[in-house]
Amino acid sequence: MKRIAIFTSGGDAPGMNACIRAVVRGAMYHKVEVFGIRRGYSGMIEGDIHPMTSRDVSNIIQRGGTILKSARSRRFTTPEGRQQAYENLKALGIEGLVAIGGNGTFTGADIFFNEFKIPTVGAPGTIDNDLYGTDFTIGYDTAVNTALDAIDKIRDTADSHDRIFFIEVMGRDSGYIAIQSGIGGGAEFVVVPENASEPVSAVIKTLKQGFVKKKSSSIVVVAEGEKEGRATEIAEKIKKTIDVEVDIRVTTLGHVQRGGAPTAQDRILASRLGLGALEGLLRGQKNVMVGIINNRLTYTPFIECITKDKPISDDLLRMVHILS
Ligand code: F6P
């Protein structure tokens with residue numbers, strides 16, 4: 001393989017730049033030409049594809065976002081869009097792809113590989129940490145630390161005013177950010193979609209136990225993907241149901257969790273996964289996602305990564321309950 005291309009797709013995540021850097025520098029080391037595709041699958045369809053060298057990735061390891069930009073492309077979901085993308089790659093003699101992204105990115109990569117057989121290796125880049133086939137995804141650690149910083153600050157106000165705060169964190173379908181930031185921030189309750197129990201009565205029960213223990217303030221972390229509703233709706237239901245007077249506020253952290261300089265852990269993870277993706281591709285891996293499981297590099301078929309669940313350990317949910 002002498003010429004490859006790299007792109008980032010879906011929601012940006014801190015550490016994506018470190019991953020791009022590892023792929024480009026790794027390609028230089030192995031004497032492989034590398035092209036950068038801008039704005040993910042949209043740029044692939046529009047032919048927004050440019051050669052990259054070592055200098056293009058200087059001074060980016062510490063930057064959040066993605067220098068290649070990102071997008072969620074509707075056109076790539078159509079056969080015509082994918083055909084156009086293939087023609088563009090073929091015209092440039094691209095023999096392999098490194099895709100950095102999450103669930104949607106690998107769903108597209110799997111379809112594209114089955115149609116056109118261009119070997120593709122994915123690197124997991126999403127703050128949600130919801131991909132099977134890796135213990136951690138690029139950007140997750142930074143997002144958890146950002147959420148934690150916010151929780152610590154909100155706790156000051158919760159304590160000063162004897163209030164109950166509901167803090168909504170990101171996670172389209174998963175509660176990973178919620179559980180980790182909840183444990184790290186000493187939350188009284190964490191509401192996650194993975195927990196089957198009905199949250200409203202469970203939160204009320206915990207809050208009441210807190211009153212008995214003379215707690216005057218509480219933090220409830222809610223994952224945005226919770227099936228019962230967003231944090232505002234859950235807080236509203238609790239206000240209506242609880243039979244004691246409570247002063248409740250809701251804070252939604254939103255996209256602040258996607259930005260900022262990546263943590264050391266994310267920079268190192270992204271560098272390992274980027275080089276692992278590139279070297280896997282050069283060794284003949286295709287239609288797989290590189291991951292790190294128990295500190296070892298692994299390659300898992302895209303289809304497993306996008307269809308299998310990565311459940312949150314019951315131990316973590318139990319821990320929140322015991323420590324609250
Ligand atoms: O997948 C990452 C993520 O930040 C999710 O946590 C969130 O639900 C979604 O992306 C938001 O997407 P967008 O930035 O397109 O609104």
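First listed ligand is number 1; within each ligand, the first listed atom is number 1. Small disclaimer: the values here were computed from a predicted structure and weren't measured. For the numbers below, each heavy atom of this structure counts, side chains included, while hydrogens, waters and symmetry mates do not.
A cation-pi arrangement is found for Lys310 relative to Tyr176, the charged atom lying closer than 6.0 Å to the ring centre and inside a 45° cone about the ring normal. In this structure, Lys214 is not positioned above the aromatic face of Phe211 in the sense of NZ or CZ being under 6.0 Å from the six-membered ring centre and within 45° of the axis.
Looking at Gln257, His255, Arg258 and measuring to atom 3 (C) of ligand 1, the nearest heavy atom belongs to Arg258.
Atom OG in Ser201 sits 11.5 Å away from atom CD1 in Ile242 (nearest 0.5 Å).
Among all protein heavy atoms, the one lying closest to atom 12 (O) of ligand 1 is Arg72 NH2, 3.0 Å. With hydrogens left out, the protein atom closest to atom 9 (C) of ligand 1 is Arg172 NH2, 3.7 Å, a heavy atom. Looking from atom 1 (O) of ligand 1 to the surrounding protein, the closest heavy atom is Asp128 OD2, 3.2 Å.
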Inset, instruction - Could you go through the side chain to side chain donor-acceptor pair (under 3.5 Å) check for Arg74 and Thr77 one step at a time? - result: CA-CA 6 Å; Arg74 276 182 188 278; Thr77 60; over 6 Å; no
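No side-chain donor-acceptor contact under 3.5 Å links Arg75 to the backbone of Ser42.
Here is the list of ligand 1 atoms found below 4.0 Å of a heavy atom in Gly171: 6 (O).
Contact annotation for Glu224 and ligand 1: only side-chain heavy atoms (C-beta onward) come within less than 4.0 Å of the ligand.
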